[in-house]
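Below you'll find the structure, written out as structure tokens, and then a few comments.
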Amino acid sequence: MDQLSPTRPAPDEAKVAPKADPLPPASPATATEQKDAPKWRTRLLMFGLPALLIAGGAGWWLTSGGSVSTDNAYVQMDKVSVAAEVGGRITEVAVRDGQQVAAGQLLFRIDGEPYALSVAQANAAIDAAQVDVGNLAASARTSSVDIAAAREDVAFAEVNFQRQAALMEKGFTTRAAYDASRHAVAQARERVRQAEAAAAEARTKLAAGPTSGVNPQVEAARVQRSQAEVNLARTTVRAPSAGRVAQADRLQVGQMMVAGLPAVTLVDTAHPWVEANFKETDLANMRVGQRAEVRFDAYPGLKVRGHVLTIGAGTGSEFSVLPAQNATGNWVKVTQRVPVRIAFDEKPSREMIAGLSAEVRVFTGGGAVAGK
């Protein structure tokens with residue numbers, strides 16, 4: 001019995017299976033397009049994309065005119081250190097850290113009782129000076145009376161001396177009586193001079209000062225009272241300008257405040273700026289007034305327009321506490337940085353904090369100042 005091969009179909013199946021229709025032959029044009037399509041895409045990517053990037057970069061360069069940038073930049077604000085002008089114990093603290101205050105607002109208060117006593121003492125000194133002036137006036141009047149009495153004594157002594165002189169010529173008196181009468185005349189005249197000197201001294205002490213028109217003793221006492229009143233007013237410490245309070249933890253009720261020691265700091269948050277430290281090699285085309293853009297590390301996506309306000313008068317090393325000694329033998333050249341102040345042309349949408357890191361780009365415009 002014949003057996004069929006496993007891979008060979010049966011005669012009946014071979015007769016029943018339909019024959020597949022052959023695929024039509026591809027046209028020459030379609031085959032060419034299928035071969036050329038990858039080539040055009042490759043060429044477009046190879047040449048079109050670089051050309052597009054070059055054109056975009058050239059357009060940006062032409063429109064911007066060139067720029068320099070640095071990330072060595074920080075937000076700066078005016079800071080005022082408030083110190084007490086008089087010493088004493090703190091009795092009241094009216095602010096807290098981070099609080100916004102207005103100019104003239106109370107910050108803290110120092111115990112004013114000792115200074116109030118100084119005012120009272122100064123008032124007593126004024127009263128004493130006025131009493132002294134009254135005594136001097138009385139002394140001046142007494143001196144006038146003494147002058148008149150001394151002149152009467154002089155007149156009487158002169159008459160007595162003339163009488164003794166006449167008697168001496170006739171020999172009816174002694175030499176001792178004659179000398180005594182002459183001595184009495186000299187003493188009377190001396191008392192007149194003393195009385196006149198005392199009166200002149202009293203008038204001098206009563207005289208008003210040439211600048212104030214008031215007796216000097218009274219004026220000195222009034223100045224002392226004014227100084228005591230000023231010190232009393234200084235026990236109330238107020239904000240010299242508007243700003244935000246910082247380092248207020250130094251103020252504690254009961255703490256002894258030393259005059260002149262910084263107690264609290266006010267930060268002017270309303271007028272911030274950016275200090276950008278550019279390399280000296282970036283300053284060739286930089287000018288005051290050129291526009292700038294500022295970005296902040298703390299606020300991603302925030303961009304603020306500004307302009308160059310000032311270019312520093314010296315490098316950072318020139319104003320450092322320990323400047324570099326470039327005249328030494330181990331000198332190594334280091335690229336210096338110059339502080340450039342960037343002013344904001346618009347108010348930032350986020351709150352500025354002193355010391356924030358920033359990135360600054362200045363559009364030098366080929367050396368031309370922006371807007372001119």
Could you check if a side-chain atom of E280 sits within less than 4.5 angstrom of a side-chain atom of T315, using non-hydrogen atoms only? no
Are any non-hydrogen side-chain atoms of W273 and D78 less than 4.5 angstrom apart? yes
What is the minimum heavy-atom distance between G314 and P339, and which atoms define it? O-CD, 3.4 Å
More than 12 heavy atoms from other groups under 6.0 Å of CD on E92: yes
Answer yes or no: is there a side-chain heavy-atom contact under 4.5 Å between V360 and V274? yes
Under 4.5 Å between any side-chain heavy atoms of T265 and V80, yes or no? no
Sub-4.5 Å side-chain heavy-atom contact between D249 and D97: no
Any side-chain heavy-atom pair from L106 and R238 closer than 4.5 angstrom? yes
For residues L266 and V245, determine if any side-chain heavy atom of one lies less than 4.5 Å from a side-chain heavy atom of the other. yes
Any donor-acceptor N or O pair under 3.5 Å, side chains E351, T269: no
How far does CD of Q217 sit from CD of Q130, to the nearest 0.5 angstrom? 11.0 Å
Determine whether more than 12 heavy atoms belonging to other residues, nucleotides or ligands lie under 6.0 Å from atom CZ of F156. no
Enclosure of Q187 CD (heavy-atom neighbours >12, cutoff 6.0 Å): yes
In terms of side-chain heavy atoms, does Q290 have a donor or acceptor partner in R287 at a distance below 3.5 Å? no
Residue pair V253 / F108, side-chain heavy-atom distance below 4.5 Å: no
